[in-house]
Amino acid sequence: MANKTALVVSAHSADFVWRCGGAIALHEEKGYDVTVVCLSYGERGESAKLWKQEGMTLEKVKTERRKEAENAATALGVSDIQFFDLGDYPLELDTDAKYKLVDVIRKVQPTFMLSHSQYDPYNTDHMYATRIALECRMIAQAWGHNPGEKVLGAPQLYLFEPHQTEQMGWKPDTFLDITDVWDKKRAAIECMQGQEHLWDYYTNVAENRGNHFRRNSGGQAGGRAAKYAEGFQSIFPRTVDEL
Ligand SMILES: [Zn+2]
């Protein structure tokens, strides 16, 4: 039987590392094949440290960001990482680019998807990526789009934790214990040389969510002493047989 799969739609090439690197590494260890799509490199808006170097060009920044993201993907055990190189600040997708993402979604047939918060006034690329993820998920479900292809089922879309969490209207309803794969996530974080100022910040986030996990884990995870966790907000209802 083929492995289960998951798909991450990341606006910029480092977002998947901070926000769901633990989920990626954990599911890879569980036998999932995780595909990461980076819609852009974040070359204009999320590469300040690189731009401060002498003689920097857009192409050099993109090359550097791609290398960092590939190294991080390797650290997390990512099965497949794809770079759409659509530009950032602003990120924009025309219909062809959307159909390209639909093709990936149909090919991967993800058990679940991951993307950004639905609201992000600091970084409109992020909320735009989520809108696109939902739109392309919908197109991938349409029998009339490229008839004959296997249509998409109804994978959950989990929204990973944004920056400046409290201002994003993001409310987690799921905590994932990533303690066992924390070393992989930290290694991936340290691949992001251009954003060193975020390394400890996202370590703190993981510790805080670990605390949050412990506070809530009594009935659900046996009171397990999670040290690091990631939070997610799910878009769609869960369909259950038992509560
Ligand atoms: Zn970003």
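Given the structure is predicted, the values throughout are model-derived calculations rather than measurements. Only this structure's heavy atoms are used, side chains among them; waters, hydrogens and symmetry mates stay out.
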Results of side chain to side chain contact (heavy atoms under 4.5 Å, CB included) for N71 - residues two or more places apart only: C191
Side-chain donor/acceptor of D33 to backbone N/O of S79, under 3.5 Å: no
Candidate pair K227 and E207, rule salt bridge (Lys or Arg N to Asp or Glu O under 4.0 Å), full reasoning: CA-CA 6 Å; K227 217 171 147 212; E207 285 167 351; over 6 Å; no
Test applied, side-chain hydrogen bond (donor to acceptor under 3.5 Å, both in side chains); reference residue, N123; option that passes from E46, H163, H116: E46
Check: Q109 main-chain N/O paired with T5 side-chain donor or acceptor under 3.5 Å: yes
Side chains of residues 93-104: which donor-acceptor partners sit under 3.5 Å, not counting sequence neighbours?
unit_1: D94; atom_1: OD1; unit_2: D96; atom_2: N; d: 3.3
unit_1: D94; atom_1: OD1; unit_2: A97; atom_2: N; d: 2.9
unit_1: K98; atom_1: NZ; unit_2: E135; atom_2: OE2; d: 3.2

With E28 via salt bridge (Lys or Arg N to Asp or Glu O under 4.0 Å) - residues at least two apart: none
Under the side chain to side chain contact (heavy atoms under 4.5 Å, CB included) test, residues paired with A188 that sit two or more places apart: V17, A72, A75, L76
Side-chain donor-acceptor pair present, S13, R66, cut-off under 3.5 Å: no
Qualifying side-chain hydrogen bond (donor to acceptor under 3.5 Å, both in side chains) pairs with a residue from residues 228-237, counting only residues at least two apart or across chains: D173-S234, K185-E230, S234-R238
Joint hydrophobic cluster, W182 plus W199, side-chain heavy atoms closer than 4.5 Å: yes
Residue pair Y119 / Q167, side-chain donor-acceptor N/O under 3.5 Å: no
Close side-chain approach of F232 and C20, heavy atoms under 4.5 Å: yes
Short side-chain to backbone donor-acceptor contact, S115 and L159, under 3.5 Å: no
Side chain to side chain contact (heavy atoms under 4.5 Å, CB included) involving T124 - partner list, sequence neighbours excluded: M127
K30 NZ to D180 CG distance, which is reported to the nearest 0.5 Å: 8.5 Å
Note, P110 side chain near I105 side chain (heavy atom, < 4.5 Å): yes
Shortest non-hydrogen contact from S117 toward W170: CB-CD1, 4.0 Å
Set of residues satisfying salt bridge (Lys or Arg N to Asp or Glu O under 4.0 Å) with respect to D80, sequence neighbours excluded: none
No-hydrogen, no-angle side-chain donor-acceptor test under 3.5 Å, Y202 and R19: yes
Inter-residue atom distance I235.CD1 - T130.OG1, 0.5 Å rounding: 7.5 Å
Fellow cluster residues of W143, listed by chain then number, with links counted only when side-chain atoms sit under 4.5 Å apart: V151
Whether D125 side chain and Y89 backbone form a donor-acceptor pair below 3.5 Å: yes
Nearest heavy-atom neighbours spanning Q141 and G153: NE2-O, 2.7 Å
Note, Q118 side chain near L134 side chain (heavy atom, < 4.5 Å): yes
Y41 reachable from V78 in the ILVMFWY side-chain graph, under 4.5 Å edges: yes
Contact check, side chains of V9 and I132, non-hydrogen atoms, under 4.5 Å: no
Hydrophobic cluster (4.5 angstrom, side-chain heavy atoms) - remaining members for W51: L50, M56, L58, V61
Heavy-atom pair with the smallest gap, counting every atom of G22 and V181: O-CG2, 3.6 Å
Closest non-hydrogen atom pair between P237 and Q156, with its separation: O-NE2, 4.2 Å
F16 with L91, same ILVMFWY side-chain cluster at under 4.5 Å: no
Main-chain N/O of G42 paired with S47 side-chain donor or acceptor, under 3.5 Å: yes
Residues T165 and E161: side-chain donor-acceptor under 3.5 angstrom: yes
Under 3.5 Å: donor-acceptor pair, side chain of D177, backbone of T179: yes
For K184, salt bridge (Lys or Arg N to Asp or Glu O under 4.0 Å) partners two or more places apart: E29
Atom pair CG (L114) and CG (D15), whose distance is rounded to the nearest 0.5 Å: 12.5 Å
Salt bridge (Lys or Arg N to Asp or Glu O under 4.0 Å) evaluation trace for R65 with D85: CA-CA 11 Å; R65 293 277 292 178; D85 190 15; over 6 Å; no
For S40 against G87, the heavy-atom pair lying closest together: CB-O, 3.3 Å
For A229, all residues meeting side chain to side chain contact (heavy atoms under 4.5 Å, CB included), sequence neighbours excluded: R209, F213
Lys/Arg cation over aromatic F236: R137, 6.0 Å, 45° cone: yes
Listed partners of R106 passing salt bridge (Lys or Arg N to Asp or Glu O under 4.0 Å), at least two apart: E149
Any I24 side-chain heavy atom under 4.5 Å of V8 side chain: yes
Donor-acceptor contact present, side-chain H212 to main-chain N208, <3.5 Å: no
Distance-only donor-acceptor check, side chains H12 and H126, under 3.5 Å: yes
Exercise: identify the closest heavy-atom pair between W18 and I189: CZ3-CG2, 3.6 Å
Side chain to side chain, C38 and I81, heavy atoms closer than 4.5 Å: yes
Parallel, tilted or perpendicular, as decided by the 30° and 60° cut-offs, for the rings of Y158 and F112: perpendicular
Cluster overlap L39 with Y122, hydrophobic side-chain contacts below 4.5 Å: yes
salt_bridge(E64, K60) N-O dist < 4.0 Å: no
Cluster link F84 to M113, ILVMFWY, side chain under 4.5 Å: yes
Side-chain touch M192/L198, heavy atoms, less than 4.5 angstrom: no
